[in-house]
Amino acid sequence: MPELPDVEIFTRYFNKTSLSQTITSVEVFRTRILRCSSFKALRERLDGSRFVSAERYGKYLFARIGKDGYLVFHFGMTGSLCYFRGKEIPRSTRFMIDFVHDARLAFVDPRVFGKVDFTESVQDYVKEKRLGPDAMNVGLATFKSIIQASGRPIKAELMDQKRIAGIGNIYSDEILFQSGVAPTDRSNKLDDGQLADIYRNMKKVLKAAIAKHADPDALPKKYYLLPHRGKEEECPRGCGHIKRIKVSGRTAYYCPACQK
DNA sequence: TTTCATGTTCAGCA
DNA sequence: GTGCTGAACATGAA
C-alpha cells in the first residue's frame with residue numbers, strides 16, 4: 001500500500017486518534033524495524049510525553065513529540081497503523097505505543113520492511129535521506145527541471161524518491177496512463193506539453209486516491225487504470241489490452257495503444 | 001509448490 | 001558520476 005496517498009491517510013488517522021494522550025510505554029516486537037541506534041534513548045524521549053501533531057513528507061510520517069523531535073514512520077511494503085483499546089494486539093504488530101486509558105497505537109507490518117526512526121528536525125531528515133520535493137507540493141517549474149535532467153525511463157524517474165518524493169510503482173502507472181505517456185519513454189525526450197500533463201495528472205491522481213482513502217480499486221473503473229491493474233484486461237478506453245512489462249526492475253502495467 | 005508483491009539499499013558492472 | 005540489473009530483506013496471497 002504505502003505510497004503518498006496511503007501515508008496521507010495514515011497521517012490523518014494518526015492526527016485523529018493519537019494526539020494529546022500521555023505515553024505510558026513503548027514496545028518493540030521486532031528490532032529490525034528500528035532504524036535509530038538506541039531504543040533506550042527513543043523510549044526515554046517518548047515515555048511520559050505526548051504527540052502534538054503529525055505531518056507527511058513523501059512516504060514518511062513525522063509525529064511530533066511534545067516540543068522535542070519526531071518519531072518517524074516509514075511503511076515499507078505492508079506497513080499500517082492501528083489504534084485500539086484493550087489487550088488484543090493486532091497480528092504482525094512490530095512496534096507499539098501505549099497511552100493512558102488503555103489506548104494503544106500499533107505499527108503493523110507483516111513483511112517487516114517498514115522502519116521506525118527518530119529525528120530532531122523534518123528538514124534535516126529530508127536532507128539526510130536526500131529526498132526530492134514532495135509530489136503534492138512541488139511546483140511545475142521545479143518538476144520540469146528535475147525530470148528533464150535525466151535520461152532514464154520516466155517511470156523510474158517518477159518513482160525515485162531522490163527526485164520526487166511520494167510516488168511508487170502503483171501510482172506511477174496511473175499517472176502515466178492518465179497522461180498518455182509510455183513508462184519507458186526517456187525523461188529528457190518528453191516535450192513541455194507532456195511534462196505539464198504528467199505534472200497535472202500527478203496531482204490529480206494523488207488527490208483522487210486520497211479522496212478514495214488510498215484504495216486503488218475504488219477509483220472509477222471507466223477512467224482509471226488501477227482497478228484493472230494486475231489483470232491483463234481491456235484498457236478502460238477500449239483501445240486494446242493492458243500490457244505488463246518490467247521497467248527498471250519493477251512491474252509496470254500500461255496500454256500500448258493509448259500510451260504511445 | 002512456486003511465483004509474485006505497493007519499498008529501499010547495496011554490490012557489481014558497463 | 002550515470003544508470004542498469006539483480007539480490008537481499010520477510011511474509012503472505014494466489
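In the text below, chain A, chain B and the rest are named by the order of the sequence lines, each starting its count at 1.
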Student: Check the phosphate of C:dT2 against A:R152, side-chain N and O only, distance under 4.0 Å to OP1 or OP2. Yes or no?
Tutor: no
Student: How about A:Y70 and A:F118: are their ring centroids closer than 6.0 Å?
Tutor: no
Student: Return yes if a side-chain donor-acceptor contact under 3.5 Å exists between A:S187 and A:E157, otherwise no.
Tutor: no
Student: With no hydrogens and no angle check, do the side chains of A:Y60 and A:D117 hold a donor and an acceptor under 3.5 Å apart?
Tutor: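 Note: A:Y60 and A:D117 side chains miss the donor-acceptor criterion.
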Student: What do you reckon, do A:F113 and the base of C:dA10 stack, with centroid distance below 5.5 Å and planes below 30°?
Tutor: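 So A:F113 does not count as stacking on the base.
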Student: Can you tell me how far C1' of B:dG7 sits from CZ of A:F73, to the nearest Å?
Tutor: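 Whole-Å distance recorded here is 17 Å.
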Student: Return no unless some side-chain N or O of A:R111 is found under 4.0 Å from OP1 or OP2 of B:dG7.
Tutor: no
Student: Would you please confirm or rule out a distance under 4.0 Å between OP1 or OP2 of C:dG12 and any side-chain N or O of A:T78?
Tutor: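 Indeed not, no polar side-chain atom of A:T78 lies that close.
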Student: Please work out whether the ring planes of A:F75 and A:F10 are parallel, tilted or perpendicular, with thresholds of 30° and 60°.
Tutor: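 Rings of A:F75 and A:F10: tilted, as their planes differ by 30° to 60°.
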Student: Taking the six-membered ring for Trp, are A:F99 and A:Y83 parallel (under 30°), tilted (30 to 60°) or perpendicular (over 60°)?
Tutor: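 Because their plane-to-plane angle lies in the 30° to 60° range, the rings of A:F99 and A:Y83 count as tilted.
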Student: Could you check whether A:G151 gets within reach of a base, just the sugar-phosphate, or nothing at all, counting any heavy atom under 4.0 Å?
Tutor: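 Sugar-phosphate, no base atom in range.
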Student: Of the options B:dT8, B:dT9, C:dC9, whose atoms approach the side-chain atoms of A:K129 most closely?
Tutor: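 Minimum distance to the A:K129 side chain belongs to B:dT9.
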Student: When the distance from CG of A:N169 to P of B:dT6 is rounded to whole Å, what number comes out?
Tutor: 5 Å
Student: Verify the cluster assignment for A:V28 and A:F84: are they in a single hydrophobic cluster under the rule of side-chain heavy atoms below 4.5 Å apart?
Tutor: no
Student: Please tabulate, for the side chains in residues 204-218 of chain A, all donor-acceptor contacts under 3.5 angstrom to protein atoms that are two or more places apart in sequence or on a different chain.
Tutor:
residue, atom, partner, partner atom, Å
A:K204, NZ, A:Q178, OE1, 3.0
A:D215, OD1, A:D217, N, 3.1

Student: Name the closest nucleotide to the A:R250 side chain, picking from B:dT6, C:dC4, C:dT11.
Tutor: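 The nucleotide sitting nearest to the side chain is B:dT6.
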Student: Suppose you measure atom C1' in C:dC4 against the same atom in B:dT6; what distance do you get, rounded to whole Å?
Tutor: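 Those two atoms are separated by 22 Å.
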Student: Rounded off to whole Å, could you give me the NZ-to-P distance for the A:K189 and C:dG3 pair?
Tutor: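 Atom-to-atom, A:K189 to C:dG3, this comes out as 12 Å.
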Student: To the nearest Å, give me how far apart CZ (A:R91) and C1' (C:dG12) are.
Tutor: 8 Å
Student: Report yes if a side-chain nitrogen or oxygen of A:R163 is closer than 4.0 Å to either non-bridging phosphate oxygen (OP1 or OP2) of C:dT2; otherwise report no.
Tutor: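 Checking A:R163 against C:dT2: no side-chain N or O falls below 4.0 Å of OP1 or OP2.
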Student: Rounded to the Å, how far apart are A:D109 CG and C:dA10 C1'?
Tutor: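 One finds 9 Å between C1' of C:dA10 and CG of A:D109, rounded.
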Student: Could you please name the option among B:dA5, C:dG12, B:dT6 that lies closest to any side-chain atom of A:P110?
Tutor: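 Minimum distance to the A:P110 side chain belongs to C:dG12.
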Student: Would you tell me whether A:D109 and A:T78 have side-chain atoms, one donor and one acceptor, within less than 3.5 Å of each other?
Tutor: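 Yes.
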Student: Measure CE/A:M77 against P/C:dA8 and give the value in whole Å, please.
Tutor: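 Taking CE of A:M77 and P of C:dA8, I get 16 Å after rounding.
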Student: Quick check on B:dT8: is either OP1 or OP2 less than 4.0 Å from any side-chain nitrogen or oxygen of A:K59?
Tutor: yes
Student: Between B:dA5, C:dG3, C:dA10, which nucleotide has the shortest distance from any of its atoms to the side chain of A:R30?
Tutor: C:dA10
Student: Could you state the CG-C1' distance from A:D117 to B:dT8, rounded to the nearest angstrom?
Tutor: 14 Å
Student: Nearest to the side chain of A:R186, heavy atoms from C-beta on, is which of C:dC4, C:dT11, B:dT8?
Tutor: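 Out of C:dC4, C:dT11, B:dT8, the nucleotide with an atom closest to A:R186's side chain is C:dC4.
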Student: Please give the distance between the P atoms of B:dT3 and C:dG6 as a whole number of Å.
Tutor: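 The answer is 16 Å between these two P atoms.
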Student: Starting from C1' on B:dT6, measure out to CG on A:L226 and report it in whole angstrom.
Tutor: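 Going from A:L226 (CG) to B:dT6 (C1'), I get 10 Å.
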Student: Indicate whether OP1 or OP2 belonging to B:dG7 is found under 4.0 Å from a side-chain N or O atom of A:H74.
Tutor: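 No, because none of the side-chain N or O atoms of A:H74 sits under 4.0 Å from OP1 or OP2 of B:dG7.
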Student: Look at all strands and tell whether A:S92 reaches a base, only sugar-phosphate, or nothing, counting heavy atoms closer than 4.0 Å.
Tutor: nothing
Student: With respect to the phosphate group of B:dT9, does any side-chain polar atom (N or O) of A:R35 fall under 4.0 Å of OP1 or OP2?
Tutor: yes
Student: Centroid separation under 6.0 Å, is that true for the rings of A:F62 and A:Y125?
Tutor: yes
Student: How is A:P5 classified with respect to the nucleic acid when contacts are heavy atoms under 4.0 Å: base, sugar-phosphate, or nothing?
Tutor: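 Touches nothing.
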Student: What stems involve DNA chain B, if each pair must be Watson-Crick or G-U and both of its distances must be under 3.5 Å, with 3 or more such pairs in a row?
Tutor: B:2-5 with C:11-14, B:7-14 with C:2-9
